[in-house]
Amino acid sequence: MSEDLWSLPAPVDAERDAPRVVAGSVTLIVPTFNEAGNIVELLRRLGRALPGDLPCAVLFVDDSTDDTPAVIEKAAADHAFPVSVLHREAPEGGLGGAVVAGIARADTDWIVVMDADLQHPPHLVPELVGEGERTGADLVVASRYTSGGSRAGLAGSYRVAVSRGATWLTKGLFPRALRGISDPMSGFFAMRRSAVTAQALQPLGYKILLELAVRCRPAAVAEVPFVFQERFAGESKSTAREGMRFLAHLASLRSAAPVARMIGFGLIGLTGFVPNLAALWLLTGAGMHYLPAEIVANQAGVLWNFVLIEVLLFRERRRHRHWADRVGRFALLANADLLLRIPLIAVFVGRLGLGVLPATALALVTTFVLRFAATEALVYLPRRRTSPPTSGRHTRS
């Protein structure tokens with residue numbers, strides 16, 4: 001990944017250099033994608049909002065295909081506070097990935113995240129940090145849904161309904177992690193650098209606050225109300241594709257725990273009966289004998305299960321093996337399940353004296369647990385390194 005960074009000191013290790021961090025210092029991370037029309041006004045308003053005694057640097061993490069980086073460079077010269085840009089040639093992780101890249105660069109006491117389109121009012125930046133200092137909170141969220149807040153800037157009833165529905169869904173899925181956060185969909189918040197580990201984050205799309213709250217579990221949370229403004233310039237980046245990425249992100253977060261992954265694995269397996277039966281109906285209807293039809297139809301269920309498991313359960317582990325390797329291993333395990341189940345039933349009936357139905361149920365549970373464990377271990381766990389690297393150079397991912 002090619003990156004350009006200017007007017008910011010060389011990256012530092014935040015933990016190694018912790019004693020040098022200035023108390024109350026702030027890195028303001030602004031992810032951008034083709035926001036050239038908003039940059040000058042955003043920096044102008046920040047210049048009016050940031051008090052002179054607040055040590056604050058603005059870091060734009062840019063995925064643009066237009067001239068946004070050049071606009072930032074030109075506008076930066078007109079402001080007393082440091083302004084820098086990190087341009088990513090490959091926008092990995094979307095907006096959330098941009099924020100994580102910014103967090104990795106930050107060496108300040110506080111990190112504030114906000115959008116560049118001025119829907120997040122710049123004058124609240126010092127208030128977010130001040131609330132954290134006053135209350136001792138690790139995370140301070142600018143909320144549209146607490147007293148004094150408003151979602152007035154959301155364009156149209158459709159976006160309002162989607163935003164509210166997404167909020168209810170996330171609050172329902174993560175009641176403990178989101179306790180005290182009325183607006184988990186907010187993209188405007190402040191967090192202590194010591195409370196977040198960039199390496200633990202695996203963002204997908206633009207809901208980075210949800211990722212931070214669920215994976216980092218800040219000990220104390222506070223909120224500041226804000227009125228969501230209308231976009232100053234440009235177009236909204238919210239699309240149906242981003243909505244699907246959001247749902248995949250929710251599934252990935254919810255299935256992070258092994259027990260939750262096992263439950264999800266079982267539910268996905270149950271849905272595999274639909275394509276399996278549909279394929280069996282089509283094949284037997286076309287005149288194929290039911291025995292070979294059963295074998296072929298089972299592959300339709302296997303493929304269905306593989307796709308859902310890839311997208312919903314093991315998204316972050318797909319890079320460890322080539323996709324063809326993963327498909328082959330998954331199909332082998334899924335079909336081995338059929339071969340193992342019949343001998344198990346025979347053992348349970350013949351040796352343990354169980355009836356056919358309880359023996360079948362026990363065999364199903366046994367093979368399910370074994371298949372889940374084998375899928376994790378043989379398909380999605382990283383390969384073990386067989387020998388130490390020969391080069392002394394370090395690489396960044």
Side-chain angles (χ1 to χ4, degrees), residues 1-2 88-94 96-97 199 201-205 241-242 244-256 258 260-283 286 288 291-342 364 367-391 395-397:
M1 181 172 66
S2 174
R88 306 192 307 163
E89 294 295 341
E92 297 177 6
Q199 291 78 9
L201 302 176
Q202 299 165 4
L204 178 64
R241 182 182 180 184
E242 284 296 336
M244 295 305 296
R245 293 177 78 181
F246 168 66
L247 293 176
H249 189 201
L250 283 182
S252 178
L253 286 173
R254 186 62 278 175
S255 62
R261 266 200 310 277
M262 182 179 287
I263 294 172
F265 190 86
L267 293 175
I268 289 173
L270 289 175
T271 68
F273 284 114
V274 175
N276 191 325
L277 294 175
L280 182 63
W281 178 75
L282 289 173
L283 292 170
M288 183 180 287
L291 286 179
E294 286 276 6
I295 297 172
V296 175
N298 186 61
Q299 308 317 305
V302 168
L303 182 60
W304 170 273
N305 290 344
F306 174 77
V307 170
L308 290 185
I309 285 169
E310 284 265 300
V311 173
L312 300 179
L313 293 186
F314 295 109
R315 177 184 64 85
E316 69 277 8
R317 300 188 189 181
R318 291 183 298 187
R319 297 178 183 177
H320 302 312
R321 298 182 187 278
H322 188 272
W323 69 266
D325 188 8
R326 299 196 306 273
V327 170
R329 287 168 177 260
F330 186 85
L332 182 63
L333 290 171
N335 286 286
D337 174 64
L338 294 175
L339 298 176
L340 178 61
R341 197 181 307 159
I342 294 174
L364 284 169
T367 56
F368 163 72
V369 173
L370 290 174
R371 186 152 56 93
F372 170 74
T375 299
E376 270 211 315
L378 301 179
V379 181
Y380 291 105
L381 282 186
R383 293 186 180 93
R384 289 184 178 180
R385 182 173 290 177
T386 55
S387 59
T390 56
S391 170
T395 58
R396 285 182 10 210
S397 58

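Residue indices begin at 1 and follow the sequence shown. Just so it is clear, the model here is predicted, and its values are computed rather than measured.
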Report summary line: Arg371 meets the side chain to side chain donor-acceptor pair (under 3.5 Å) criterion, sequence neighbours left out, with none

Requested in this report: Please list, chain by chain and in numerical order, all residues satisfying side chain to side chain contact (heavy atoms under 4.5 Å, CB included) with Leu282, sequence neighbours excluded.
Outcome: none

Query raised in the report: Is there a donor-acceptor pair closer than 3.5 Å between any side-chain N or O of Arg326 and the backbone N or O of Arg321?
Result: yes

Report task. List in chain and number order the residues that pass side chain to side chain contact (heavy atoms under 4.5 Å, CB included) with Ala278, two or more places apart in sequence or in another chain; answer none if no residue qualifies. Result -> none

**Report entry** pair Trp304-Val274: side-chain heavy atoms closer than 4.5 Å
**Finding:** no

Report task. Give the minimum heavy-atom separation between Thr271 and Asn305, together with the two atoms involved. Result -> OG1-OD1, 4.3 Å

Query raised in the report: Going through the checks in order, is the side-chain contact (heavy atoms from CB on, under 4.5 Å) test met by Leu370 and Leu340?
Result: CA-CA 10 Å; Leu370 290 174; Leu340 178 61; 4.0 Å; yes

Report summary line: Value for CZ (Phe372) from CG (Leu333), rounded to nearest 0.5 Å, stands at 12.5 Å

Report task. Applying side chain to side chain contact (heavy atoms under 4.5 Å, CB included), name anything that partners Ala293, two or more places apart in sequence or on another chain. Result -> Leu280, Leu283, Thr284, Met288

Query - Heavy-atom side-chain contact between Leu378 and Phe330 under 4.5 Å - result: no

**Report entry** Set of side chain to side chain contact (heavy atoms under 4.5 Å, CB included) partners for Leu277, sequence neighbours left out
**Finding:** none

Report summary line: Closest heavy-atom pair, Ala300 versus Ala279, reported as atoms and distance to 0.1 Å, is CB-CB, 3.9 Å

**Report entry** Heavy-atom check, side chain of Glu310 versus side chain of Trp323, under 4.5 Å
**Finding:** no

